[in-house]
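Note that the coordinates shown come from a computational prediction; the quantities given were computed from them, not determined experimentally. We count residues from 1, following the sequence as given.
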Amino acid sequence: MTHWWSTPEYAPWLQLATDFALRLIGALIVLAIGLRIARFAAGSLDRVLQRTHIERTASDFLSRAALVALQIVLLLAVVQLLGVPMSSMFAILGAAGLAIGLALKDSLSNIASGVLLVALRPFKVGDIVTVHGATGKVETISIFQTRLRGGDNQTVTVPNSLITADSIINLTPDTMRRIELVVGIGYGDDIDRARTTALGVVTADPRVLHAPAPDVLVYELAPSSVNLGIRCHVSNDDFFATKCELTERIKKAFDAAGISIPFPQRDAHVYVHALPKGAPTT
C-alpha cells in the first residue's frame, strides 16, 4: 500500500517539513542550553567582580548588562539555526532598530542614565536617598530603573532618566545626620528658659551625639510665635525614631515648664463711635 506522503508530488514537501522540524528541535535545544549558559556566565561574572572588591552597584549592573548581551547573541544564533539568512536578518534588525529606537527613546534614555548612575556613583545599593520626590533605601540599580524600599516597606520604582534629570539627595554619605526641630514659643515666654528646657531633653537622650554639641537658636520672630531651632546629631539608624521621640518629649517638657506653643492667631480691634443724639439706629 502506497501512502500519500510517499508519492512524488508530496516528497519535496515532506523533505522540507522534516528539515524544518529538525532545525526547530535543534534551535529549541540550543535556546534552552544557551539560556542556562548565559545565566551561569552572568552569575560567574558577578562573583568574579565581587572578589575583585568592585562596588556592589557596579557589579550588579555589569552582570545584568552581560546577561542581556548574551541573550541577544543567543537569539541571533537560534534564528540562524532556523535557516534565516543573516544578511536579511541584519537588514530587518536595522530597519526595526530605527523604528524601535524612535518608539522606545525614553527606554533608551533610561539605559544611558543607568550607565551614568553606575559610572558617577551618586549613590550605591544600601544608601538612603531622595530621588524624584521618593525617599527610600536603594535595593537595585538595573538597566532601566532603580528600586527603592520606602520607610513604610513599600517598593518604589523610579525610571533612571527621571533620577538623573532631577536632584539627588543622598542621606547616608556619612555616619551621622542632624536632627533639626523648629518649635515656636509665645512672645511672652522666656527664651532662655525654653532653651534650657529643650537642651535638657535633648542631652538626656543617649542616642544624641555629644560632638557636634546640641544647640538651640532663635530662628525667626514669626507673626504668632518666636521660632526656636533645636539641633542635634544622631547616627543614621537612629534618625527617624529619635526625631519623633524628641518632638514629643519637648512638647511635654514645655507644658510642664509653662511654656506655650502658640497656634496662629490675630488680634482684632473693634472701634465703637458714639452716634449723635437723635440719629436713627438700625
D192 and R195: CA distance, side-chain angles, deciding distance, salt bridge (charged side-chain N to carboxylate O under 4.0 Å, His left out) verdict: CA-CA 5 Å; D192 292 330; R195 177 183 290 112; 3.0 Å; yes
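- Note on F239: it does not cluster hydrophobically with V138, by side-chain heavy-atom contacts below 4.5 Å among ILVMFWY residues.
- For the pair D127 and K124, the salt-bridge criterion is met [side-chain N within less than 4.0 Å of a carboxylate O].
- T197 pairs by the side-chain hydrogen bond (donor to acceptor under 3.5 Å, both in side chains) definition with nothing, not counting sequence neighbours.
- The minimum heavy-atom distance linking V226 with G186 is given by the pair CG2-O, 4.4 Å.
- Hydrophobic cluster of I37: the remaining members, joined at side-chain heavy-atom separations below 4.5 Å, are I25, I29, I33, listed by chain and number.
- Of the inter-residue distances, the one linking N160 atom CG with L117 atom CG reads 5.0 Å to the nearest 0.5 angstrom.
- Counting non-hydrogen atoms of other residues, nucleotides and ligands closer than 6.0 Å to OH of Y187 gives a total above 12.
- Transitive grouping of hydrophobic side chains (ILVMFWY, heavy atoms separated by less than 4.5 Å) brings V216 and L221 into a common cluster.
- Evaluation of the salt bridge (charged side-chain N to carboxylate O under 4.0 Å, His left out) rule for E139 yields R147, R149 as partners, not counting sequence neighbours.
- One hydrophobic cluster, built from ILVMFWY side chains closer than 4.5 Å, holds both L35 and V30.
- Within the structure, the salt bridge (Lys or Arg N to Asp or Glu O under 4.0 Å) test picks out the following pairs touching residues 210-234 (sequence neighbours left out): D215-R231.
- The two residues V208 and C232 have their closest heavy-atom pair at CG1-CB, 3.7 Å.
- Salt bridge annotation for D189-R193: absent, with no cationic side-chain nitrogen under 4.0 angstrom from a carboxylate oxygen.
- In this structure, the separation between CG on L181 and OH on Y219 is 9.5 Å, given to the nearest 0.5 Å.
- Put simply, the side chain of V202 reaches to within 4.5 Å of the side chain of I230, judged on heavy atoms.
- In this structure, CD1 in I259 is found 11.5 Å from NZ in K251, a value given to the nearest 0.5 Å.
- By the side-chain contact (heavy atoms from CB on, under 4.5 Å) test, T203 pairs with P214, sequence neighbours left out.
- Put simply, the side chain of V131 does not reach to within 4.5 Å of the side chain of T146, judged on heavy atoms.
- Taking 4.5 Å as the limit, some side-chain heavy atom of V158 sits within range of a side-chain heavy atom of V156.
- Considering only residues two or more places apart in sequence or on other chains, V201 meets the side-chain contact (heavy atoms from CB on, under 4.5 Å) condition with L246, R249, I250, A253.
- Closest approach of D190 to I185, counting heavy atoms only: O-CD1, 4.5 Å.
- In terms of the side-chain contact (heavy atoms from CB on, under 4.5 Å) criterion, residue partners of L70 (sequence neighbours excluded) are, by chain and number, A38, A41.
- Atom-to-atom distance recorded for L228:CG and I191:CD1 is 6.5 Å, nearest 0.5 angstrom.
- Taking 4.5 Å as the limit, every side-chain heavy atom of N227 sits out of range of all side-chain heavy atoms of V218.
- In this structure, N236 CG and M176 CE are separated by 9.5 Å, a value rounded to the nearest 0.5 Å.
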Between I261 and V183, is the side-chain contact (heavy atoms from CB on, under 4.5 Å) condition met? List the steps. CA-CA 7 Å; I261 300 179; V183 180; 4.0 Å; yes
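- Screening residues 154-170 for salt bridge (Lys or Arg N to Asp or Glu O under 4.0 Å) gives no qualifying pairs among residues at least two apart or on separate chains.
- The OG atom of S161 sits 10.5 Å away from atom CD of Q145, with the distance rounded to the nearest 0.5 Å.
- Residues satisfying the side-chain hydrogen bond (donor to acceptor under 3.5 Å, both in side chains) test with Q154, not counting sequence neighbours, are none.
- Note: the hydrophobic cluster containing L209 does not contain L199 (ILVMFWY, side chain heavy atoms under 4.5 Å, direct or indirect links).
- Residues that satisfy the salt bridge (charged side-chain N to carboxylate O under 4.0 Å, His left out) test with D237, not counting sequence neighbours, are absent from this structure.
- Shown here are the side-chain contact (heavy atoms from CB on, under 4.5 Å) partners of A213, two or more places apart in sequence or in another chain: there are none.
- A chain of hydrophobic side-chain contacts below 4.5 Å, direct or via other Ile, Leu, Val, Met, Phe, Trp or Tyr residues, connects L148 to L162.
- Closest approach of P262 to S260, counting heavy atoms only: CD-O, 3.6 Å.
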Would L67 and R39 satisfy side-chain contact (heavy atoms from CB on, under 4.5 Å), going step by step from the backbone distance to the final call? CA-CA 6 Å; L67 178 60; R39 294 191 189 98; 4.3 Å; yes
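- Partners of K243 by salt bridge (charged side-chain N to carboxylate O under 4.0 Å, His left out), not counting sequence neighbours: none found.
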